S.K.: 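What follows is a single structure, and I will ask about it in a moment.
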Amino acid sequence: MFELLAEPRPVDGHDRLLDAAPGYDGTLVTLWTTDAGAALLTARTESPGGASFPLTRAAEPVSARVVRFGPELREVVPIHDLTIAFPSVRLLPDGAVLVVGHRCRWSASGPEHNAMVVLPDGTVERTGVLGDGIEDVAVSPSGDIWVSFFDEGVFGNFGWGGAGPEPIGHPGIVRFDRALRPTWTFDGPGMADCYALTLAGDTAWACYYTDFPIARIADGHTTLWRNEEIAGAKALAVDGERVALYGGYSGERERLAIGRLTADRYLVERIERVPLPGSGRLALFGLGAELHVVVGGSWYVARPFG
């Protein structure tokens, strides 16, 4: 089912692929650095008890390259001083890119800035705070930045919650504008962990823990459908009233469920096993009616609705 689209390649000696994501324009945006840069950007610390925690900042600035493929190489954006650890990259409508770190500490002196907008020439236009515990980031054709959060981002960690301020990710999904300011927060029943987020144009769709309803967010209004059959899906694709959910818990990681939305629930019509190609998956995304995966340095797409 998965079709090879391209095999992204490094540039300028930056040959460690850190992140990749499909864009609304049919291209793939990728983030590369060197071996030394990757070690700094993915460093962790270990507590005396043996627990491992990700660092939120690199110990020193790192050189990186954002490369866009469509499927051929289209554009290279240099980043000379990247310090945001565990970064993801997304394409913005004017060719600028958004770089986001998934973890963000709060202290009495203020929160770390874990997001930045970089112009095509490498100039950093602005930095900002998108919160801790980020699960996924998606950018719509109009430039809205949708951020989903896992449980630590919802309930608090790294200084957020408790003695610190309420976590930015407490609602589970937050929409930001180009200036990295929040413009909307999820208004449905309590979300503990957003497992899957996708955009179909400017409409956002999600599936979240604990009951895994299907949520559609259009024009600031949320509509929910009960989902009583499929738990733990990690990617979601939509085509009109049809919804595909991919992945699940142990033993169901390659499950593809396809169903339709009725008046108030998601009705599964068929379930099949769809293995991911290759090994070493870097990223899995739903984007509109498609599922995208970057694995083993290659970019694949599946169209579950035919």
Side-chain angles (χ1 to χ4, degrees), residues 19 21 23-24 56 84-93 96-106 110-117 125-162 164-224 234-236 238 285-287:
D19 189 55
Y24 49 83
T56 58
I84 296 173
F86 294 91
S88 287
V89 63
R90 301 293 185 266
L91 181 67
L92 292 168
V97 294
L98 172 71
V99 179
V100 178
H102 290 244
R103 305 310 304 260
C104 169
R105 290 189 180 276
W106 182 89
E112 296 174 323
H113 282 210
N114 65 325
M116 64 179 184
V117 174
E125 179 183 271
R126 62 172 51 88
T127 65
V129 183
L130 299 191
D132 181 48
I134 291 175
E135 177 68 27
D136 200 1
V137 181
V139 178
S140 75
S142 64
D144 287 328
I145 299 166
W146 293 84
V147 180
S148 63
F149 297 83
F150 58 86
D151 53 359
E152 292 183 45
V154 172
F155 298 109
N157 199 357
F158 282 17
W160 301 89
E166 181 177 83
I168 291 174
H170 182 70
I173 299 174
V174 180
R175 186 183 68 203
F176 296 82
D177 63 14
R178 169 63 178 263
L180 308 180
R181 299 170 300 199
T183 59
W184 180 89
T185 58
F186 184 70
D187 56 356
M191 185 185 304
D193 191 325
C194 187
Y195 274 46
L197 172 72
T198 192
L199 296 182
D202 287 320
T203 298
W205 294 77
C207 184
Y208 62 89
Y209 185 80
T210 59
D211 294 328
F212 297 103
I214 307 297
R216 181 184 66 200
I217 305 159
D219 298 323
H221 176 70
T222 301
T223 304
L224 296 177
K234 297 299 292 182
L236 177 154
V238 296
F285 295 96
L287 182 62

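FYI, side chains are in, hydrogens and waters are out, and symmetry mates aren't considered; it's all heavy atoms of this structure. Since the model is a prediction, treat every value here as computed from it, not as a measurement.
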S.K.: Looking only at heavy atoms, which two atoms of Pro93 and Ser142 are closest? And how far apart?
M.R.: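 Scanning both residues, the minimum pair turns out to be CG-C, 4.1 Å.
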S.K.: Would you check if Ile173 and Phe149 make a side-chain contact, meaning some heavy-atom pair closer than 4.5 Å?
M.R.: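 Side-chain contact under 4.5 Å: no.
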S.K.: What residue among Asp202, Leu199, Leu91 forms side-chain contact (heavy atoms from CB on, under 4.5 Å) with Tyr24?
M.R.: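 Looking at Asp202, Leu199, Leu91, the match for Tyr24 under the side-chain contact (heavy atoms from CB on, under 4.5 Å) is Leu91.
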S.K.: Using 0.5 Å steps for rounding, measure from the OG1 atom of Thr223 to the CD1 atom of Ile217.
M.R.: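 Here the interatomic distance stands at 9.5 Å.
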S.K.: I'd like to know if Arg90 pairs up with Asp136 as an ion pair, taking the criterion as any Lys NZ or Arg NE/NH1/NH2 lying under 4.0 Å from an Asp or Glu carboxylate oxygen.
M.R.: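 Salt bridge between Arg90 and Asp136, a charged N being under 4.0 Å from a carboxylate O: yes.
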S.K.: Quick one, Arg178 with Leu92, criterion side-chain contact (heavy atoms from CB on, under 4.5 Å). Give me CA distance, side-chain angles, the key distance, then yes/no.
M.R.: CA-CA 8 Å; Arg178 169 63 178 263; Leu92 292 168; 4.1 Å; yes
S.K.: Are Val174 and Phe186 close enough that some pair of their side-chain heavy atoms sits under 4.5 Å apart?
M.R.: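 No. Closest side-chain heavy atoms not under 4.5 Å.
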S.K.: Without swapping roles, check the side chain of His102 against the backbone of Ile134 for a donor-acceptor pair under 3.5 Å.
M.R.: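 Between the backbone of Ile134 and the side chain of His102 there is a qualifying donor-acceptor contact (under 3.5 Å).
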S.K.: Sub-3.5 Å donor-acceptor pair from the side chain of Asp177 to the main-chain atoms of Ala179, do we have one?
M.R.: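 Present.
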S.K.: For the residue pair Cys194 and Gly172, what are the closest heavy atoms and their distance?
M.R.: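 In terms of heavy atoms, the two residues are closest at CB-O, 4.1 Å.
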S.K.: With a 4.5 Å heavy-atom cut-off, do Phe176 and Val147 have their side chains touching?
M.R.: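 A side-chain contact under 4.5 Å exists here.
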S.K.: Atom CD1 of Ile168 and atom CG of Asn114: how far apart are they, to the nearest 0.5 Å?
M.R.: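 Spacing of CD1 (Ile168) from CG (Asn114) equals 7.5 Å.
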S.K.: Is any side-chain heavy atom of Lys234 closer than 4.5 Å to one of Glu135?
M.R.: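 Side-chain contact under 4.5 Å: yes.
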S.K.: Does a side-chain heavy-atom distance below 4.5 Å link Leu98 with Val137?
M.R.: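 A side-chain contact exists here, since the closest heavy-atom pair is under 4.5 Å.
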S.K.: Would one find more than 12 heavy atoms of other residues, nucleotides or ligands at under 6.0 Å from atom CG of Asp211?
M.R.: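 No, not enclosed.
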S.K.: Nearest heavy-atom pair of Val100 and Ile84: which atoms, and what distance?
M.R.: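 Minimum heavy-atom contact is C-CG2, 4.0 Å.
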S.K.: Trp184 vs Trp146, test: ring-ring contact (aromatic ring centres under 6.0 Å, His included). Steps then yes/no.
M.R.: CA-CA 9 Å; Trp184 180 89; Trp146 293 84; 5.7 Å; yes
S.K.: Strictly distance-based, threshold 3.5 Å: is any side-chain N or O of Asp19 a donor or acceptor partner for the main-chain N or O of Val89?
M.R.: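 Yes; at least one donor-acceptor contact below 3.5 Å.
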S.K.: So, does Thr185 use its side chain to make a donor-acceptor pair with the main chain of Pro171 at under 3.5 Å?
M.R.: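 Flag not set: sc Thr185 to bb Pro171 has no pair under 3.5 Å.
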S.K.: Nearest 0.5 Å please: distance from the CG atom of Leu197 over to the CH2 atom of Trp205.
M.R.: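 These two atoms lie 12.5 Å from each other.
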S.K.: Looking at Ala192 and Thr210, what are the two nearest heavy atoms and their distance?
M.R.: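 Heavy atoms of Ala192 and Thr210 come nearest at CB-CG2, 4.3 Å.
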S.K.: Mark yes or no for whether Trp160, through its side chain, and Cys104, through its backbone, hold a donor-acceptor pair below 3.5 Å.
M.R.: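 A pair under 3.5 Å: yes.
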S.K.: Heavy atoms, side chains only, cut-off 4.5 Å: are Leu180 and Val129 in contact?
M.R.: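 No. Closest side-chain heavy atoms not under 4.5 Å.
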S.K.: Can you name the residues that form a side-chain contact (heavy atoms from CB on, under 4.5 Å) with Phe212, not counting sequence neighbours?
M.R.: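 Phe212 satisfies side-chain contact (heavy atoms from CB on, under 4.5 Å) with Tyr195, Cys207, Tyr209, Asn227, Ala231, Tyr249 once adjacent residues are dropped.
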S.K.: Quick check for you: to the nearest 0.5 Å, what is the distance between Asp132 atom CG and Glu152 atom CD?
M.R.: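 Going from the CG atom of Asp132 to the CD atom of Glu152 covers 7.0 Å.
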S.K.: Are Val139 and Asp144 close enough that some pair of their side-chain heavy atoms sits under 4.5 Å apart?
M.R.: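 No, too far: nothing below the 4.5 Å cut-off.
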S.K.: Does some side-chain heavy atom of His221 sit less than 4.5 Å from a side-chain heavy atom of Arg216?
M.R.: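 Answer no - side chains too far apart.
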S.K.: Write down the atom of Pro165, the atom of Gly159, and the distance for their closest heavy-atom approach.
M.R.: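 Distance-wise, the nearest heavy atoms are CD-O, 4.3 Å.
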S.K.: Looking at Leu287, is its backbone amide N or carbonyl O close enough to the side chain of Thr198 to form a donor-acceptor pair, meaning the two atoms are under 3.5 Å apart?
M.R.: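 Yes, the answer is positive, given that a donor and an acceptor are paired below the 3.5 Å cut-off.
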S.K.: To the nearest 0.5 Å, what is the distance between OH on Tyr208 and CG on Leu236?
M.R.: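 Here the interatomic distance stands at 13.0 Å.
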S.K.: When you measure from the centre of the six-membered ring of Phe86, is the NZ or CZ of Arg103 under 6.0 Å away and within 45° of the axis?
M.R.: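 No.
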